Peer 1: 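Pasting a structure below so you can have a look.
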There are 2 protein chains.
Amino acid sequence: MESTELIPKYYKIQELLLGKIRTGEWKVGDEIPSEQDLCSTYNVSRGTLRRAIDALVRQGLLTRIQGKSTFVAKPKIPIFSNGFRADIRSSGQFANSRILYYDKRPCPDDITALLSLDNAPMIYELSRVIEAEHEPIILEHVYIPDNYGEKLTVDDLIQTSLLDLIPQACGILLKKAIESYEPTLLTQEEAHRLNAKAGQVAILDQAITFDINNIPVFLSKALIRGDRARVATEITFTI
Amino acid sequence: MESTELIPKYYKIQELLLGKIRTGEWKVGDEIPSEQDLCSTYNVSRGTLRRAIDALVRQGLLTRIQGKSTFVAKPKIPIFSNGFRADIRSSGQFANSRILYYDKRPCPDDITALLSLDNAPMIYELSRVIEAEHEPIILEHVYIPDNYGEKLTVDDLIQTSLLDLIPQACGILLKKAIESYEPTLLTQEEAHRLNAKAGQVAILDQAITFDINNIPVFLSKALIRGDRARVATEITFTI
DNA sequence: TTAAATTTGTTCGTATGTATA
DNA sequence: CTATACATACGAACAAATTTA
């Protein structure tokens, strides 16, 4: 009966709902109609409607609360990285950094390879959640080989940036970092740590920092919530 | 009959499938079992199974081909940005840049505001797809006010980086760029341009470039496929 | 305080369409 | 043309969280 539709229904509805947000018909904080209502409005099944809403939730444009309703989400928090993204983790804008743990453990295989370590080494792993505007935004794991890691204390880590702390505590100079980032989706565990929903978009930022002899010193994996934050940088051209 | 499960089935299956990829039981390029087979293996409905696979496809770990099968995807292509992410778009690694259009049109409201332009101006819009390793990776839209835009030709744009071309053609000096990036999902249209699937993760990179008087010169919005690419940067510390 | 109604979250079964072999 | 595999869509049921009566 239906004509050959090139564009699926769930996508059309997604665009319609996006339009209501973009035009301001639905404003930030507004409660949108219930799924039942939207189903009858657009004449689709609940599964199809939810598929449309799912995509907007993953992008951080809508927020669902079970038993309550669905709301238009607040705008994203800009995270300024001062040109050095390796320093995101310690700049002044992040008043609160909560350390989940800092302890010695066997080094995972992929980290061993990335840091050019010997077989089956021990490593210190730092796990922390960094907040901005009173929301948990970044989940970071830092891997520090034990010869350096044993010289750091939790108190130091709370107070000082790693880029300042390591040269000072370990007596080495840091030269450069190789950083890469890619978009991903939060797992159940990561979402839980960040007080977010599983399946949300995020940026996975990985940085390896090297000393003046180009020897890897430590590795950081930072997961930045994409529904609540965007990363901003200023670049000055050297001509 | 089922005990109160805290973790939904679709998520457990997602983890199981991820494990098969991570451990190498399923290798790059491998065809994985059909949805029917996986349904009976894990004893779930097709909807639940597809929900698990959907997440892995969005992250670029699996690729589905309708009528054929589902495959383990190739590793991501690293995109090196030489410390200047604003120059990603023109560095030597991108042999092929295909211009979709370059023409004058009314300036969208959000761009007008970001470039601090007067009311209802005209603007040149450049749309192009940039390839790496023979795959379309970046979809870029550049907005150039008409006083500068009219001095550029499509031939110039094909051959020269905007950061080199604009100073030379327009007689101005560029000083800095303010750049921000966030994760997002591809729309139907964007996916089509990039020969990808709608709903895939991507990075939306927006940069505004300023002249020496801190006046905005042009704006670029680059959409980088997250399933096939990750962005890499090297940072040198100035002590 | 309790119970019922509402709203979102998960899962199933089924049907039909589209692309490929 | 047919069988297979992925894609979309519907309807129903129950669970879990919240609000309302």
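Throughout, protein chains are lettered first and strands after them, A, B, ... in sequence-line order, and every chain is numbered starting at 1. This structure is a prediction, so every number in the text was calculated from the model and none was measured. Below, all heavy atoms of this structure are taken into account, side chains as well, without hydrogens, waters or symmetry copies.
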Peer 1: In terms of side-chain heavy atoms of B:R50, which of C:dT7, C:dT10, D:dT8 is nearest?
Peer 2: D:dT8

Peer 1: Quick check on D:dT8: is either OP1 or OP2 less than 4.0 Å from any side-chain nitrogen or oxygen of A:Y10?
Peer 2: yes

Peer 1: Ignoring backbone atoms, test whether A:T48 places a side-chain nitrogen or oxygen under 4.0 Å from the OP1 or OP2 oxygen of D:dC10.
Peer 2: yes

Peer 1: Quick one: on DNA chain D, does A:L49 or A:I65 contact a more 5' nucleotide (nearest heavy atom)?
Peer 2: A:L49

Peer 1: Name the residue closer to the 5' end of DNA chain D, choosing between B:D54 and A:G67 according to the nucleotide with the nearest heavy atom.
Peer 2: B:D54

Peer 1: Could you state the atom-to-atom distance from CD of B:Q188 to C1' of D:dT8 in whole Å?
Peer 2: 12 Å

Peer 1: Can you check whether B:S69 has a side-chain N or O nearer than 4.0 Å to OP1 or OP2 of D:dT4?
Peer 2: no

Peer 1: What's the CZ-P distance between B:R64 and D:dC6, to the nearest Å?
Peer 2: 8 Å

Peer 1: Report the residue from A:I32, A:D30, A:L62, A:I65 that forms a side-chain contact (heavy atoms from CB on, under 4.5 Å) with A:F71.
Peer 2: A:I65

Peer 1: Taking only the side-chain heavy atoms of B:R51 (C-beta and beyond), determine which of D:dA7, C:dG9, C:dT10 contains the nearest atom.
Peer 2: C:dT10

Peer 1: Report the distance from atom NZ of B:K68 to atom C1' of D:dA7, rounded to the nearest whole Å.
Peer 2: 17 Å

Peer 1: Separation of B:Q36 atom CD from C:dT14 atom P, in whole Å?
Peer 2: 12 Å

Peer 1: Passes salt bridge (charged side-chain N to carboxylate O under 4.0 Å, His left out), A:E133 versus A:K74? Steps please.
Peer 2: CA-CA 12 Å; A:E133 299 187 12; A:K74 286 185 290 182; over 6 Å; no

Peer 1: On a heavy-atom basis, which atom in A:Y10 and which in A:R51 lie closest, and how many Å separate them?
Peer 2: OH-NH2, 3.3 Å

Peer 1: Using only heavy-atom distances, decide whether a donor-acceptor pair under 3.5 angstrom links the side-chain of A:Q66 to the base of C:dT7.
Peer 2: no

Peer 1: Measure from NZ on B:K9 to C1' on C:dG9 and round the result to the nearest Å.
Peer 2: 14 Å

Peer 1: Distance criterion of 3.5 Å, no angle test: do you see the side chain of A:R46 paired donor-to-acceptor with the base of C:dG9?
Peer 2: yes

Peer 1: Heavy-atom distance under 4.5 Å between the side chains of B:V28 and B:P75, does that happen here?
Peer 2: yes

